[in-house]
Peer 1: 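Please read through the structure below; I'll follow up with questions.
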Amino acid sequence: MEFCVEDSTDVHVLIEDHRIVFSCKNADGVELYNEIEFYAKVNSKDSQDKRSSRSITCFVRKWKEKVAWPRLTKEDIKPVWLSVDFDNWRDWEGDEEVELAHVEHYAELLKKVSTKRPPPAMDDLDDDADSAAATSN
């Protein structure tokens with residue numbers, strides 16, 4: 001998740017197993033605070049945050065990675081400031097289909113490479129060109 005706050009100062013991010021607490025000051029010195037109770041447990045030890053001049057990005061790993069959540073928050077009501085970043089959207093069901101397509105493509109490539117064919121005929125090589133080059137030296 002990403003908190004878009006340009007030129008933030010006093011940034012504090014606390015990622016716990018069931019919630020994230022975020023606070024900072026924006027460029028005008030206004031204090032911002034958000035606390036989100038997650039829909040389900042996250043792996044707080046394997047989660048981290050990264051600050052840039054424009055935002056604070058939090059990488060939160062779900063405890064059960066291959067289980068889709070119907071929403072981010074525990075509450076059924078979505079905060080008005082929370083939106084989905086579809087550029088980073090991951091559809092777990094679609095991922096399986098993509099992975100299967102990659103495996104099938106790789107298997108086809110291996111099949112083509114491993115098919116044994118007779119060696120190419122070498123009888124069309126011209127011996128005269130080799131002997132002419134040797135005599136000109």
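Any value given below was found using the heavy atoms of this structure, including those in side chains, with hydrogens, waters and symmetry copies removed. Numbers here simply count residues along the sequence, with the first being 1.
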Peer 1: So His18 and Lys41, side chain to side chain contact (heavy atoms under 4.5 Å, CB included) or not? Walk me through it.
Peer 2: CA-CA 5 Å; His18 293 282; Lys41 186 177 180 180; 3.8 Å; yes
Peer 1: Could you tell me whether Lys64 atom NZ has more than 12 heavy atoms of other residues or ligands within 6.0 Å of it?
Peer 2: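 For Lys64, atom NZ is not crowded (no more than 12 foreign heavy atoms under 6.0 Å).
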Peer 1: Mind checking the CZ-CD1 spacing from Arg19 to Ile36? Nearest 0.5 Å is all I need.
Peer 2: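 Going from the CZ atom of Arg19 to the CD1 atom of Ile36 covers 11.5 Å.
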Peer 1: Other residues, nucleotides and ligands only: do more than 12 of their heavy atoms fall within 6.0 Å of CZ on Arg54?
Peer 2: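 No, the 6.0 Å shell around CZ holds no more than 12 heavy atoms from other groups.
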Peer 1: Applying side chain to side chain contact (heavy atoms under 4.5 Å, CB included) between Val11 and each of Leu32, Ile56, Val5, Asp49, report the one that passes.
Peer 2: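 Single pass found, and it is Ile56.
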Peer 1: Within the distance-only criterion (no hydrogens, no angle test), does the side chain of Asn26 pair as donor or acceptor with the backbone N or O of Asp28 below 3.5 angstrom?
Peer 2: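 Yes, because the side chain of Asn26 sits within donor-acceptor range (under 3.5 Å) of the backbone of Asp28.
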Peer 1: What class does the angle between the rings of Phe3 and Phe22 fall in, given that below 30° is parallel, 30 to 60° is tilted and above 60° is perpendicular?
Peer 2: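 Geometry flag for Phe22 against Phe3: parallel rings.
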Peer 1: Report the C-alpha separation of Thr73 and Phe38 in whole Å, then their side-chain angles, then the decisive distance to 0.1 Å, and conclude whether the side chain to side chain contact (heavy atoms under 4.5 Å, CB included) test is met.
Peer 2: CA-CA 5 Å; Thr73 60; Phe38 292 122; over 6 Å; no
Peer 1: Would you compute the distance between atom CZ of Phe59 and atom CE of Met1 and round it to the nearest 0.5 angstrom?
Peer 2: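 Going from CZ on Phe59 over to CE on Met1, the span is 11.5 Å.
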Peer 1: Hydrophobic cluster membership, with links at side-chain heavy-atom distances under 4.5 Å among I/L/V/M/F/W/Y: are Val21 and Val42 in one?
Peer 2: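 Shared cluster, no.
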Peer 1: Can you see whether Ser55 engages Glu2 through a side-chain donor-acceptor pair at a distance of less than 3.5 angstrom?
Peer 2: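 Yes.
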Peer 1: State, to 0.1 Å, how close Ser47 and Val60 come at their nearest heavy-atom pair, and which atoms those are.
Peer 2: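 Nearest pair, atom of Ser47 first, then Val60: OG-CA, 3.4 Å.
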Peer 1: CD of Glu75: more than 12 outside heavy atoms within 6.0 angstrom?
Peer 2: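 Incorrect, the count does not exceed 12.
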Peer 1: Verify the cluster assignment for Ile15 and Trp69: are they in a single hydrophobic cluster under the rule of side-chain heavy atoms below 4.5 Å apart?
Peer 2: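 In one cluster: yes.
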Peer 1: Check whether any side-chain heavy atom of Ser8 sits under 4.5 Å from a side-chain heavy atom of Arg51, and report yes or no.
Peer 2: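 Yes. Closest side-chain heavy atoms under 4.5 Å.
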Peer 1: Can a side-chain donor-acceptor contact be found between Glu35 and Tyr33 if the only test is distance below 3.5 angstrom?
Peer 2: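 Their side chains do contain a donor-acceptor pair, which is all the 3.5 Å distance test asks for.
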Peer 1: Output the distance between atom NZ (Lys25) and atom OG1 (Thr9), rounded to the nearest 0.5 Å.
Peer 2: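 One gets 6.0 Å once the value is rounded to the nearest 0.5 Å.
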Peer 1: Salt-bridged, Lys62 to Glu65, with N to O below 4.0 Å?
Peer 2: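 A salt bridge is absent here (no side-chain N lies under 4.0 Å from a carboxylate O).
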Peer 1: Kindly check if the number of other-residue, nucleotide or ligand heavy atoms within 6.0 Å of NZ (Lys74) is above 12?
Peer 2: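 Counting neighbours around NZ of Lys74, 12 or fewer heavy atoms of other residues, nucleotides or ligands fall under 6.0 Å, so no.
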Peer 1: Assess whether side chain to side chain contact (heavy atoms under 4.5 Å, CB included) is satisfied between Val13 and Ile20, documenting all intermediate values.
Peer 2: CA-CA 7 Å; Val13 178; Ile20 184 170; 4.2 Å; yes
Peer 1: Take Ser53 and Glu6 through the test side chain to side chain contact (heavy atoms under 4.5 Å, CB included) and record every step on the way to the result.
Peer 2: CA-CA 6 Å; Ser53 63; Glu6 288 191 34; over 6 Å; no
